[in-house]
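Working notes, structure below.
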2 protein chains.
Amino acid sequence: MDLDDRKAKILRAIIQNYQETGEPVGSRTISKYSDLNLSSATIRNEMADLEEMGLIVQPHTSAGRIPTDKGYRLYVDELMEAKDQEVTEMKDFLIQRVDRVELLLKQMAKLLAMNTNYATMITGPSYNNTKLKFIQLSGMGDHKLLAVIVVEGNIVKNTILDLDRDIEPQDLLSLNLLLNSNLNGLTLNEINLGIVKDLEEQAGEFGGLVRKILNAVADAIRNDGGMQIYTSGATNIFKYPELSDGQTASELIHTLEEKDQLRDLVKQSLDEDGKEGIQVYIGEEMPVQTMKDCSVVTANYELGGGIRGTIGIIGPKRMDYVKVMDTLKTLMAQLDILFRPVVEEPEDERGE
Amino acid sequence: MDLDDRKAKILRAIIQNYQETGEPVGSRTISKYSDLNLSSATIRNEMADLEEMGLIVQPHTSAGRIPTDKGYRLYVDELMEAKDQEVTEMKDFLIQRVDRVELLLKQMAKLLAMNTNYATMITGPSYNNTKLKFIQLSGMGDHKLLAVIVVEGNIVKNTILDLDRDIEPQDLLSLNLLLNSNLNGLTLNEINLGIVKDLEEQAGEFGGLVRKILNAVADAIRNDGGMQIYTSGATNIFKYPELSDGQTASELIHTLEEKDQLRDLVKQSLDEDGKEGIQVYIGEEMPVQTMKDCSVVTANYELGGGIRGTIGIIGPKRMDYVKVMDTLKTLMAQLDILFRPVVEEPEDERGE
DNA sequence: TGTTAGCACTCTACATAAACGAGTGCTAAC
DNA sequence: GTTAGCACTCGTTTATGTAGAGTGCTAACA
């Protein structure tokens, strides 16, 4: 059996209605509120077909129908139609260029959560493709060495190394010179084994130290070894009864709080990269078990200068995919406009 | 009517029993499980008195009694008895001295949440009383200046300043020297107007710049102007039915997520400073409306070198105050041991 | 005078049953 | 192919009854 135009319309009507009410939708409702001008009986026949095709189900015999994961999938892939809507003005927020990437991200997450009424997450940027601007080593006494690393976009990171002994100021000076003249302008990815080895040799007696420093630098830039994730609007899930019962809500919020599993999700999303950079996971498609009653829409953002990350919106399976995807697209576009003509003056971040 | 010994024992029994079960406790229960050897009828008479005194209430006519806020207050202030208990071993966690304060704090919050089964919060430290170790200025080109600030305890902060023009390397060098020779060893609080003015004069043509730098430094150290708060274990509240219904849970988690109101709470807690540095807020005593079904126990921690903050445990009003307060005390003591013998450079070694 | 046994009473929680209604599938007629 | 009609299903609501926990009060007891 194939999905003719009428069936598609009915499926779309069911999904949209269910989106608004959260209640199973019956044949009479569709008959009355759609522009198909068909009696409920006809709708019923079609619905039986749709059910046979696995696109909708009845929660129980005498109830209306709700979409299945497969139904949502079809809708997202082929049936969605852009509906006019007030493009939410985030510009005001973003325009006041926050000077810290971290803060900007948190604000974006919060803003999106308020705008959409869903939960949101956003990863801290990865700097793997960002160019090194300079490294500055300073002795701290006490056998400790402070390394401050500045990358493109004026992001500042720092790390402290424990050494066997203190280093003489003039040695420090030449080390600084050595590192900067060799690494300046390279991205983290480009600092490979070959270069490290090369530097080690040039450094002579400080070879081991150079290696140690570079490792620490790599660690620091890789954002403390683990991907940072910020979440916001977790409590929005209480707006959707199907997610509000103790068990589900607790698990869900725990997942959002712990963030470990979100990390897996983000990794997968980075691998797949859907159309227009937007990715949709529906229910059981989700790699995260505790979120199988949810859908997640993810997008990859770019702040210019190789600073990239992922942003995600988490809601019930009946989330308003059109609105969410539009909002994300708008946001991405605005980020692009704001950060594309990088006049080399944007964010800085202070390490801790 | 006054609270004689027997009434006190009964009240204590009621509170402890309610703590464990979460159910209103009846006269028969007390009669059987307490060491008073009284019949339920006698207990009933006493309970009627306790109710008249406003220490306990019946949720409804044919139910047992539960403590009121006033009852809890009396218990916390006078009736609590230390019960032997496994002092939870956090040492293992803490011993692996994380070198980033932020991470340490997050870990502590998480650990406490796991140990107590309540939600926790912890403020980032304030560095107002921490001594400056050194400041390092570096030109970044493009009219930008990077200031890296290191304070006692090897906390590193940094900030970027926008200037009218770039500064010559030798000027930078003398500025660095000027700042460090004058500010080294001072706390943020000690860097007052007088010193700033003094430095400004010494700096000659760079006077304005010095002022700008010092302001930025102060901002950076003050932790971005706002108190950082980390929370953990928010989902623990679902373990307590009285907090688990949609409305309450949602509000509570929202409060924990947003943190604004927690900030007020912390401020108040810093002002009051209860006995042994521990503060207890019960129900309606709470300055935060959304937490009026909860109790919060706060303590002020110190990591040595003037690094201070507040830690708090949020649970139902029937929380195990004894355990919570013990745990906090233990933690504080362990922090003390771990951070007290901070071996500073000799010159800094004047006890505070 | 303090304690206790006994009892009537209250109120919640739970179970059962009946009534309701939304929605269906099927059939027959258009 | 569409639709009206109808019997049927099943969850939701409402009413009713019952069991049990716990109380307050009274009267008897030590």
Side-chain angles (χ1 to χ4, degrees), chain A residues 1-11 13-15 17-18 20-68 71 241-242 244-245, chain B residues 1-11 13-15 17-18 20-68 71 241-242 244-245:
Chain A
M1 190 176 323
D2 65 66
L3 189 89
D4 58 33
D5 195 48
R6 197 169 73 177
K7 284 190 174 54
K9 273 189 182 155
I10 292 176
L11 178 58
I14 292 174
I15 290 181
N17 198 288
Y18 183 59
E20 287 162 27
T21 64
E23 300 286 314
V25 8
S27 54
R28 232 178 83 87
T29 312
I30 300 298
S31 161
K32 269 167 62 181
Y33 294 100
S34 78
D35 53 354
L36 288 165
N37 284 326
L38 291 173
S39 77
S40 62
T42 311
I43 305 286
R44 274 204 291 284
N45 289 331
E46 296 287 35
M47 277 171 134
D49 292 349
L50 287 171
E51 179 152 15
E52 203 181 325
M53 294 161 77
L55 299 172
I56 54 179
V57 281
Q58 290 180 276
H60 56 84
T61 327
S62 69
R65 307 301 217 282
I66 62 176
T68 60
E242 64 266 48
S244 295
D245 80 291
Chain B
M1 191 176 322
D2 65 66
L3 190 87
D4 58 33
D5 195 48
R6 196 169 72 176
K7 284 191 175 53
K9 272 188 182 158
I10 292 176
L11 177 58
I14 291 174
I15 291 181
N17 198 288
Y18 184 59
E20 287 163 27
T21 64
E23 301 285 314
V25 6
S27 54
R28 229 176 86 84
T29 313
I30 300 296
S31 160
K32 270 165 63 179
Y33 294 100
S34 78
D35 52 355
L36 289 164
N37 284 328
L38 292 172
S39 78
S40 60
T42 310
I43 305 285
R44 273 203 292 283
N45 289 330
E46 296 288 35
M47 277 170 135
D49 292 348
L50 287 172
E51 180 152 13
E52 203 181 325
M53 294 161 79
L55 299 172
I56 54 178
V57 282
Q58 290 180 276
H60 56 84
T61 327
S62 70
R65 308 300 216 283
I66 62 176
T68 60
E242 64 266 46
S244 294
D245 80 292

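The sequence lines fix the lettering, A, B, ..., with proteins before strands; numbering per chain opens at 1.
- Contact detail for Tyr18(A) and Pro67(A): the closest heavy-atom pair is CD2-CD, 3.5 Å.
- Between Leu36(A) atom CG and dG1(D) atom C1' there is a gap of 15 Å when expressed in whole angstrom units.
- DNA chain D lies under 4.0 Å from at least one heavy atom of each of the following residues of residues 39-64 of chain A: Ser39(A), Ala41(A), Thr42(A), Arg44(A), Asn45(A), His60(A), Thr61(A), Ser62(A).
- Going from atom NZ of Lys9(A) over to atom CG of Asp4(A) covers 10.5 Å, rounded to the nearest 0.5 Å.
- Taking CD1 of Ile10(B) as the start and CG of Asp5(B) as the end, the distance is 10.0 Å to the nearest 0.5 Å.
- The salt bridge (Lys or Arg N to Asp or Glu O under 4.0 Å) check on Glu242(B) picks up Arg318(B), with sequence neighbours excluded.
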In dot-bracket form, 5' to 3', how is DNA chain C paired? Count Watson-Crick and G-U wobble pairs only if both distances fall under 3.5 Å, and write | where the partner sits on another strand. ||||||||||||||||||||||||||||||
Give the table of side-chain donor-acceptor pairs shorter than 3.5 Å for residues 44-58 of chain B, with sequence neighbours excluded, one pair per line with atom names and distance.
unit_1	atom_1	unit_2	atom_2	d
Arg44(B)	NH1	Ser27(B)	OG	3.3
Glu46(B)	OE1	Lys7(B)	NZ	2.9
Glu46(B)	OE2	Arg6(B)	NE	2.6
Glu46(B)	OE2	Arg6(B)	NH2	2.5
Asp49(B)	OD2	Lys7(B)	NZ	3.3
Glu51(B)	OE1	Arg65(B)	NE	2.8
Glu51(B)	OE1	Arg65(B)	NH2	2.9
Gln58(B)	NE2	Thr61(B)	O	2.7
Gln58(B)	NE2	Ala63(B)	O	3.1

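- DNA chain C lies under 4.0 Å from at least one heavy atom of each of the following residues of residues 25-34 of chain A: Gly26(A), Ser27(A).
- When all heavy atoms of Leu38(B) and Ser31(B) are compared, the closest pair comes out as O-OG, 2.8 Å.
- What you find for Ile66(B) and Pro24(B) is that their closest heavy atoms are CG2-CA, 3.6 Å.
- Residues that satisfy the side-chain hydrogen bond (donor to acceptor under 3.5 Å, both in side chains) test with Thr42(A), not counting sequence neighbours, are Ser39(A).
- Among residues at least two apart or in separate chains, there is no salt bridge (Lys or Arg N to Asp or Glu O under 4.0 Å) pair with a member in residues 22-42 of chain A.
- Between Ile10(A) atom CD1 and dT2(D) atom P there is a gap of 10 Å when expressed in whole angstrom units.
- Judged as a side-chain hydrogen bond (donor to acceptor under 3.5 Å, both in side chains), and not counting sequence neighbours, Ser62(B) has no contacts.
- Along DNA chain C, the stretch of nucleotides lying under 4.0 Å from any heavy atom of chain B spans, 5' to 3', dT3(C) to dT12(C).
- With values rounded to the nearest 0.5 angstrom, Ile30(A) atom CD1 is found 9.5 Å from Leu11(A) atom CG.
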